[in-house]
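The next block holds one structure in the form of structure tokens; read it before the comments.
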Amino acid sequence: MMDKPRIAIIIGSTRQARFADKPAAWLLEQASKREDMTFELVDLRNFDLPLFDEVASNAWVPSQDPRAVAWQNTIGTFDGYVFVTAEYNHSITGALKNALDQAYTEWARKPAAAMGYGGVGAARAIEHLRGIVVELQMVPLRNAVHLGGGEFFKVSPLGQNGAMSEVEAVLQPSLNAMLDELAWWANATRAARQQPAAAA
């Protein structure tokens, strides 16, 4: 496996007034400095996903809605994911939960990392996210990036609306830890997925 793991940075909010673009752009810029993985932004806005309305998960029955199939075909090409999420009422956004529900086989046996933002850095949302991705047979990472408290208000339109560079020094250690862990699991799970099935 000479090629690098491909990682999707998934923007988990679709609101017109969302803040997600700012931390997602910063995350992509920082992550792209690494030489052991490649990164690509995947924006839920670009997929027009309906609310889940299939007869079952695609773990059991192929999805029929072409929008769901297009989503599955996109995310299936990646070896791991970083979800950029807000916190709505102590959990992830409805749009992100719906997007997670729209696939199964494409997520399985791949690592899931997260960057959260908000008053408490989306800590409770990321805890919920970890429980969801376990059910999808993903590997939830211990390390995450939490943009919260005073740092959030330094860069948010709700506060000073400063540049992400103003909080970079605070976020960098957790970002490095998350990406190091992500690289390990992306390589490990990809190697495992590419092993031939054992003879019965």
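Just the heavy atoms: all of them, side chains too, but no hydrogens, waters or symmetry mates, feed the values below. For clarity, every value in this text was computed on a predicted model and none was experimentally measured.
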Applying side-chain hydrogen bond (donor to acceptor under 3.5 Å, both in side chains), can you list everything that pairs with [X], at least two apart in sequence or on another chain?
X: R124; value: E87, H90
X: K97; value: D101
X: Q64; value: none
X: S63; value: Q72

[atom1]-[atom2] distance between [X] and [Y], expressed to the nearest 0.5 angstrom:
X: D43; Y: D21; atom1: CG; atom2: CG; value: 6.5 Å
X: L182; Y: M37; atom1: CG; atom2: CE; value: 4.5 Å
X: L96; Y: I10; atom1: CG; atom2: CD1; value: 7.5 Å
X: L44; Y: S13; atom1: CG; atom2: OG; value: 8.5 Å
X: I92; Y: L129; atom1: CD1; atom2: CG; value: 5.5 Å
X: L28; Y: I11; atom1: CG; atom2: CD1; value: 9.0 Å

Path from [X] to [Y] over hydrophobic side-chain contacts below 4.5 Å:
X: V167; Y: M178; answer: yes
X: V42; Y: V84; answer: no
X: V170; Y: L158; answer: no
X: L41; Y: Y117; answer: yes
X: I126; Y: F83; answer: no

Can you name the nearest heavy-atom pair linking [X] to [Y], along with the distance?
X: A31; Y: F39; answer: O-CE1, 3.3 Å
X: P50; Y: N98; answer: O-ND2, 2.8 Å
X: L49; Y: A68; answer: CD2-CA, 4.0 Å
X: Y104; Y: A59; answer: CD2-CB, 3.4 Å
X: P140; Y: V133; answer: CB-CG2, 3.7 Å
X: A186; Y: P5; answer: CB-CB, 3.8 Å

With sequence neighbours left out, write down each residue that passes salt bridge (Lys or Arg N to Asp or Glu O under 4.0 Å) with [X], or none if nothing qualifies.
X: D53; result: none
X: E29; result: none
X: E127; result: R130
X: R193; result: D79

Legend entry - Qualifying ring pair (Phe, Tyr, Trp, His ring centres under 6.0 Å) pairs with a residue from residues 145-184, counting only residues at least two apart or across chains: F19-F152

May I ask you to decide if [Y]'s main-chain N or O and [X]'s side chain share a donor-acceptor pair within less than 3.5 Å?
X: Y81; Y: I75; value: yes
X: T77; Y: T74; value: yes
X: K22; Y: V155; value: yes
X: W107; Y: L100; value: yes
X: K110; Y: V139; value: no
X: K4; Y: E35; value: yes
X: T93; Y: G12; value: yes

Close side-chain approach of [X] to [Y], heavy-atom, < 4.5 Å:
X: P111; Y: T189; answer: yes
X: K154; Y: N161; answer: no
X: L171; Y: M164; answer: yes

Legend entry - Results of side-chain contact (heavy atoms from CB on, under 4.5 Å) for V55 - residues two or more places apart only: V61

Legend entry - Residues, nucleotides or ligands: over 12 heavy atoms within 6.0 Å of W185 CH2: no

Inset, instruction - Count the heavy atoms of every other residue, nucleotide or ligand shown that sit under 6.0 Å from CZ of R6, and state whether that count exceeds 12. - result: yes

Legend entry - Working for side chain to side chain contact (heavy atoms under 4.5 Å, CB included), residues I132 and M138: CA-CA 9 Å; I132 294 164; M138 301 176 78; over 6 Å; no

Inset, instruction - Decide yes or no on side chain to side chain contact (heavy atoms under 4.5 Å, CB included) for L175 and W26, but give the supporting numbers first. - result: CA-CA 11 Å; L175 175 64; W26 175 84; 3.6 Å; yes

Inset, instruction - Check the side chains of E106 and N58 for a donor-acceptor pair under 3.5 angstrom, ignoring hydrogens and angles. - result: yes

Inset, instruction - Evaluate the side chain to side chain contact (heavy atoms under 4.5 Å, CB included) criterion for residues E40 and I7: first the C-alpha distance (whole Å), next the side-chain angles of each, then the deciding distance (0.1 Å), finally the verdict. - result: CA-CA 6 Å; E40 181 179 327; I7 308 298; over 6 Å; no

Inset, instruction - Under the salt bridge (Lys or Arg N to Asp or Glu O under 4.0 Å) rule, what do R67 and D65 come out as? Steps first, then yes or no, please. - result: CA-CA 5 Å; R67 295 168 293 181; D65 193 303; 2.9 Å; yes

Inset, instruction - Walk me through it: do R45 and Q16 pass the test side chain to side chain contact (heavy atoms under 4.5 Å, CB included)? - result: CA-CA 10 Å; R45 279 184 182 169; Q16 290 302 308; 4.2 Å; yes

Inset, instruction - With sequence neighbours excluded, give me every salt bridge (charged side-chain N to carboxylate O under 4.0 Å, His left out) pair touching residues 164-189. - result: R34-D180

Legend entry - Partner set under ring-ring contact (aromatic ring centres under 6.0 Å, His included) for F47, not counting sequence neighbours: W71

